[in-house]
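Order of appearance sets the numbers: ligands from 1, and atoms from 1 within every ligand. Keep in mind that this is a model prediction, so the values were computed, not measured.
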Amino acid sequence: MKYFLTTAIDFVNSRPHLGTAYEKVTADIIARYRRLAGFDTHFLMGNDEHSQNVFRKAVEQGKDPLAYCDEMEGVFREVWQRLDVSFDDFIRTSDKKRHFPAVRKMAQACLDNGDIYEGSYEGFYCVGCEAFKQEKDLVAGNCPIHNTKPQWIKEKNWFFRLSKYQQPLLKHFAENPSFIEPDIRRNEILRLVEGGLEDISMTRAGQSWGIPVPFDPTSVVYVWFDALINYAAAVGYGWDEERFKEWWPASLHVVGKDITRFHCVIWPAMLMSAGVALPKQVFGHGWVYFKGERMSKTMGNIVDPLDAASRFGPDPLRLYLAKEIPYGGDGDFTWERFEEKYNADLANNLGNLVNRIASMTERYQQGVIRSAGGGPLAAIAAETVASYQASMDVHALHEGAAAAFRLISAANNYIAETQPWSLAKDPANADRLNGVLADTAEAVRIAAVLLSPVMPASATEIIRRLGDAAPASERRLDKDTVWRTSGEKQILNAGALWPRIEADKGVVTVTDETPKAPEASAPVAPAPVTEASASGGEGGPALITIDDFMKIQLKVGKVLGAERMPKSQKLLKLTVDAGEAEPRTILAGIAESYEPAAMVGKTIVIVANLAPRKMMGLESNGMVLAASPDGGAAIVLNVEPATPGTRVR
Ligand code: MSP
């Protein structure tokens, strides 16, 4: 089965930013998913060059426009490559071999069908959008997208009879309910078309930068009429009919919400007029904002996707874009949120889990996992695969990614419940221990297969560490998400995949530290520092800096076990999963407030970097945070269930 998908082609008057990258990355996830699902996939991207802004930019830099566009092709390709975007073809609208003949052919076909006529246009034109604007489109006289005053132009143009296609378009939408996705865009377009369509200019007069109109060499083809044709041009329209038959119609155009109407109204009408089949689907994704604001040069808030990629590799950014923004809606990016999600999903959850499996297998089984039957994780994995596939088939990328992470969390919980470190203490448990490690590793391998469209390089690395060295190109959803119970696996213990990010005064730094050996100790947190007790001399509290605070490593811990300490009224001995290879023992002075059973299962906060301290003959590693009223019972701090090991700050 063939799957031909495209993204919008970018104006090259500036380099790619996080917003344009969002589209390419999410389309790449769809392309990779389709390949994984066994489709013969063709993924097209490209550059849109015949815009006035591009021409102006070249002139500003004293360059020939084509030479400028050649340079920009290199810039765009490099960014896409560094974000691991796996396009199969890249088209430029200055391509004389493929694009020019396609544009000429389609313009001629529309003319021959009686849909192009000569007229004159008088009205607004926004150079930023490269679009003719009606007065009702403006806000306070400005283009609402660019917040600039459009030009008033008056020129002889050739018009395309868009109005003729109102009813055929409405009929097409009714007969093909999934032609426009998601629903919010479909409804917008329906309202627009139902409101009536006006004919549009398909040429611009008096310009040299563009494709000459075949039937009027004094004009060039209007940049949008020109650009839309790229999708057909790339696969042979006008220059290789055999190839065109092979790939057309496109399965999916991925475009931003601002240009959905060009793709859902003008483009299908052009195709109808030229007698060419319509694409099967247009998906209008939302926009990515930076701290709620539109990214723009004037605001000085453009996020360069390479900033994230060069620090952390492309995958954490790809995961953020896929998982944190419901696909189809708008989303927000901030560095704080990015770091938070990186630490939660990658450093603490997935990365830590891969490390735990590898280090326990190394320690208890010399790095080898023997075959094992499927425990409860097998059923969870099967459910996850089904829900992942259902989501990804309808481009709900965020749900697909979330499904994979549910399986990862289930695997983490399974470790906490089965406690391989306890099993390892008795050789009679060897088979059970192997079974637990095998099941957890298998669940993570399957989750990595599911995440491979989102995080291609990391998924391949995880799958390799878990003993499957088959090349990524041979990976298939059907065969590789089946639960494997046989075969011996050599597990690689190869260090942290995603070292935690420690934020320090807004500067992002990556540290490779595993929790340091603890330094000081107390059974429960001391009473909170009050203004009175910590007066800094003149009656004010002694202030600490954020650096001081960050020296205390607070972490989420899950209480796996609790028992009274013989001969102690105050101490409970807790076994706490803090997301490390083995659980810690912490002695907490809470026995007067809590029965041991009441503590088991609680998700608490611990100080992770206290030096070990011996009490009543046992070593305590860490401290439990609790509110400790003077003379009253300690109240242990609970957090909503969160992954053990998550940093608290
Ligand atoms: N050249 C036209 C498209 C022609 S397609 C035949 C164009 N170019 S663009 O460079 O302005 O935008 C390219 C794509 O990036 C569009 O789909 C646009 O919606 C998308 N985005 C631009 N900024 C964006 C965000 N901030 N967020 C998400 N997508 C955004 O339009």
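The side-chain tip of Arg34 points at the ring of Tyr3 from less than 6.0 angstrom away and within 45° of straight on. Both tests do not hold together for Lys24 against Phe87: distance to the six-membered ring centre under 6.0 Å, angle to the ring axis within 45°.
Legend: residues meeting salt bridge (Lys or Arg N to Asp or Glu O under 4.0 Å) with Lys280, ordered by chain and number and at least two apart, are absent. Annotation: side chain to side chain contact (heavy atoms under 4.5 Å, CB included) contacts of Glu122 (sequence neighbours excluded): Trp152, Lys154. Partners of Arg92 under the salt bridge (Lys or Arg N to Asp or Glu O under 4.0 Å) rule, at least two apart in sequence or in another chain, are Glu49, Asp70, Glu73.
Taking the six-membered ring for Trp and thresholds of 30 and 60 degrees, Tyr388 and Tyr33 have ring planes more than 60 degrees apart, a perpendicular arrangement.
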Between ligand 1 and the protein, which N/O pairs are shorter than 3.5 Å?
unit_1	atom_1	unit_2	atom_2	d
ligand 1	1 (N)	Ile9	O	2.8
ligand 1	1 (N)	Asp48	OD2	2.7
ligand 1	10 (O)	Phe11	N	3.1
ligand 1	17 (O)	Glu23	OE1	2.5
ligand 1	17 (O)	Gly256	N	2.9
ligand 1	19 (O)	Asp258	OD1	2.5
ligand 1	19 (O)	Trp287	NE1	3.4
ligand 1	26 (N)	Val288	O	3.1
ligand 1	27 (N)	Val288	N	2.9
ligand 1	29 (N)	Gly19	O	3.2

